[in-house]
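First comes the structure, then the notes that go with it.
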Amino acid sequence: MVLSKRFSKDISSMLPSVEEAKDAEEEESSQTVLGGIASRPPSRPLPNLSRGSVDSRTIPRSARIKPDFEEQEDDKSVEVQDAKEQSQVESLDKSSENQFVSSKGKEEDWDTELEDEEVKESYDSTGKAKYLSVCQFFGVVPVSYYLRHIQDSVLVMRHHGLGLKAVKALALSLMTNTSIVSLDLSDNWLEGDGAAAIADMLKENCYISEIHLSDNRLGLKGAIALSHMLVENTTLRKINLSGNEFDDQTAPYLSGALINNQKLESVDFSHNLFGDRSGEILKTAIAENTGMLELNLSWNCFRGKGAIAVAKGLGANIFLRVLDLSYNGFGNNGATALGEALKINNVLEELNISNNRISLQGAVRFALCLKENKNLKALQMSRNPMKSEGCFAILKSIQANPGAAIESLEFCDIVVNKEFDDLYSAMKETMPNLSIKHGGNADLFKRSITKIHST
């Protein structure tokens, strides 16, 4: 069949060339060698799906099996990529760690402040939690009265019979208490060990300014512990150590404490066993202390030399305002020494020398010295065997002193006569503020008796 030239040209343009056929055959052979699926000649359009499959399924052409060397290269590239990613992760971790450390270093102060705030918020200012835990540790029953009044400013726990363990628990809780400023533990049988526990507490507590430890049998051990505490403590202003069996052995420790502590304003050593030796030791403390305003040495055993030593200490002191020496044994010599001290001391305002075995002779000597004192406001000389004449001598010396500041005189249990009453009545005009207490008028008593008999 003869075809026209035009038709042959069209067919030749549509049929593949010899070179294209060869390239297609080489590609097909290489794919068969590599285990791939043979493709159609390039002269035919390539469908998206290939029919060269098994099990009558069509397989996408992109799912051809890769050669082994391509898989190895892909594995290597994956490993390289993983290594790069890992190195990047490590660098990020290091940088983030450095940033965390630096930020932590910058925020250390903030953390500390937060911790301090937490500590302040959790601070137990009453010591209640600590008291309960310590009571559990010592195996003692917590004192309900203490728990109820633990936030009061004044805590009075007299006659509770606390004992050593209960006192230790109380002392440990009071170390952190900030509300109690006055503490009264009188008559609780603390003894020396209990006093040591209270002394350790007062070394730490800076809020308690007044403490009463009377009638606790503190003895020498308690005196030593409290004297060491008084050297360190600067908060206490008033201390009551009455009735604790302090004697001449304890005097050096207590005297040293009074010399070194200039903050105490009121000291009570009454109802103890201080004798003449103690008087000579306490003389230095009385003379050199510059902070004490009130001193109670009543109900001790100052006689003879001890009484004279205490009087000399008073003469050298220029700060003491109130002194109680009642119920000792000063006698006439002690009264004379006190009179000489009042000549020099123009600071003392109240003096109590009741029941000191001062007779008429001692009262007259004391009265002669009283003429020169211009500061004493209250004088108590009750229950001394000086009779009405001794009281009259005291009143006469006050009348003869133009600068006398006496406002109160007490001669309780001493019966006076009409002469004393007349003098007192005359002095009311010049000293209207003067108040006198005495044991009554013997003349008035006699008059009442005569009237009864006459009727």
Side-chain angles (χ1 to χ4, degrees), residues 156 158-159 182-192 195 198 210-220 222-223 226-227 230 236-258 261 264-283 285-286 289 291-304 306-311 313-314 317 319-331 334-335 338 341 348-358 378-384 410 412-413:
V156 180
R158 300 174 185 168
H159 322 299
S182 177
L183 177 63
D184 191 346
L185 296 176
S186 301
D187 190 23
N188 276 289
W189 208 273
L190 302 184
E191 297 187 309
I198 297 297
E210 179 178 345
I211 188 165
H212 298 262
L213 299 173
S214 60
D215 301 318
N216 275 296
R217 298 177 178 266
L218 303 184
L220 178 60
L226 291 173
S227 62
L230 289 173
L236 277 178
R237 295 294 181 268
K238 183 175 183 179
I239 186 169
N240 186 347
L241 298 174
S242 173
N244 281 298
E245 300 179 353
F246 293 154
D247 54 12
D248 293 344
Q249 290 183 341
T250 63
Y253 300 99
L254 298 173
S255 177
L258 293 180
N261 188 315
L264 278 174
E265 297 178 356
S266 177
V267 180
D268 190 346
F269 286 148
S270 63
H271 293 269
N272 280 294
L273 304 174
F274 291 132
D276 290 342
R277 185 184 169 204
S278 299
E280 296 176 357
I281 295 172
L282 291 173
K283 167 191 170 183
I286 297 171
N289 189 284
M292 188 165 49
L293 303 178
E294 298 181 14
L295 177 61
N296 190 345
L297 293 173
S298 62
W299 289 92
N300 278 282
C301 304
F302 295 118
R303 300 181 180 91
I308 294 173
V310 171
L314 172 64
N317 186 285
F319 294 94
L320 200 61
R321 298 288 188 274
V322 180
L323 178 62
D324 190 347
L325 298 172
S326 60
Y327 290 87
N328 280 282
F330 270 60
L338 284 173
L348 192 70
E349 296 178 353
E350 297 181 18
L351 176 64
N352 188 349
I353 50 175
S354 301
N355 206 343
N356 264 289
R357 303 179 185 177
I358 300 173
L379 176 63
Q380 300 178 37
M381 297 185 70
S382 305
R383 302 177 188 88
N384 279 299
E410 290 190 13
C412 298
D413 294 338

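Hydrogens, waters and symmetry mates are skipped; everything else that's a heavy atom, side chains included, is used.
- Looking only at side-chain heavy atoms (C-beta outward), Lys238 and His212 come within less than 4.5 Å of each other.
- Under the 4.5 Å side-chain criterion, counting only non-hydrogen atoms from C-beta, Val322 is not in contact with Leu293.
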Exercise for the section: Check the pair Leu325, Leu314 against side chain to side chain contact (heavy atoms under 4.5 Å, CB included), reporting the backbone distance first and the verdict last. Expected result: CA-CA 11 Å; Leu325 298 172; Leu314 172 64; 5.6 Å; no

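- In this structure, Leu258 CG and Ile281 CD1 are separated by 12.5 Å, a value rounded to the nearest 0.5 Å.
- Put simply, the side chain of Trp189 reaches to within 4.5 Å of the side chain of Arg217, judged on heavy atoms.
- In this structure, the side chains of Phe330 and Ile353 stay at 4.5 Å or more apart for every pair of heavy atoms.
- Side-chain atoms of Ser255 do not come within 3.5 Å of backbone N or O of Ala251 as any donor-acceptor pair.
- Proximity of a side-chain donor or acceptor of Asn296 to a complementary backbone N or O of Ser298 within less than 3.5 Å is detected.
- Once rounded to the nearest 0.5 Å, the distance linking CG of Leu264 with CD of Glu294 reads 12.0 Å.
- For the pair Ile358 and Ala335, the tightest heavy-atom approach, listed with the atom from each and the gap, is CD1-CB, 3.8 Å.
- Shown here for Asn289 and Asn261, the closest heavy-atom pair between the two residues is ND2-O, 3.2 Å.
- Here Leu241 contributes atom CG and Ser186 contributes atom OG; the two are 10.0 Å apart, rounded to the nearest 0.5 Å.
- Residue Val267 comes nearest to Met292 through the heavy atom pair CG2-SD, 3.7 Å, listed as atom of the first residue, atom of the second, then distance.
- At least one donor-acceptor pair closer than 3.5 Å links the side chain of Asn272 to the backbone N or O of Glu245.
- Under a 3.5 Å cut-off, the side chain of Arg357 and the backbone N or O of Asn355 do not form any donor-acceptor pair.
- Taking 4.5 Å as the limit, every side-chain heavy atom of Asn244 sits out of range of all side-chain heavy atoms of Thr250.
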Problem - Stepwise side chain to side chain donor-acceptor pair (under 3.5 Å) test for Ser242 and Asn240 - result: CA-CA 6 Å; Ser242 173; Asn240 186 347; 4.5 Å; no

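- Note: Gln249 CD to Ser278 OG = 9.5 Å, rounded to the nearest 0.5 Å.
- Annotation for Ala309 and Gly279: closest pair CB-O, 3.6 Å, computed over non-hydrogen atoms.
- Taking 4.5 Å as the limit, some side-chain heavy atom of Arg303 sits within range of a side-chain heavy atom of Asp276.
- Rounded to the nearest 0.5 angstrom, Leu220 CG and Asp247 CG are separated by 7.5 Å.
- Residues Ala223 and Phe246 approach most closely at CB-CE2, 3.8 Å, considering heavy atoms.
- Classification of Asp187 and Arg158 as a salt-bridged pair fails, no side-chain N sitting under 4.0 Å from a carboxylate O.
- Between Phe269 and Phe274, the angle of the ring planes goes over 60°, which puts this pair in the perpendicular group of the 30/60° scheme.
- Side-chain atoms of Asn216 do not come within 3.5 Å of backbone N or O of Ala195 as any donor-acceptor pair.
- Across Asn300 and Ser270, no two heavy atoms sit closer than the pair ND2-CA, 4.0 Å.
- Separation of atoms CG (Asp215) and NE2 (His271) is listed at 8.0 Å; rounding is to 0.5 Å.
- When side chains are defined from C-beta on, Asn356 counts as touching Asn384, because their heavy atoms get closer than 4.5 Å.
- Partner of Leu323 under the side-chain contact (heavy atoms from CB on, under 4.5 Å) criterion, out of Leu295, Asn317, Ile286: Leu295 alone.
- Between Ser382 and Asp413, every side-chain heavy-atom pair lies at or beyond the 4.5 Å cut-off.
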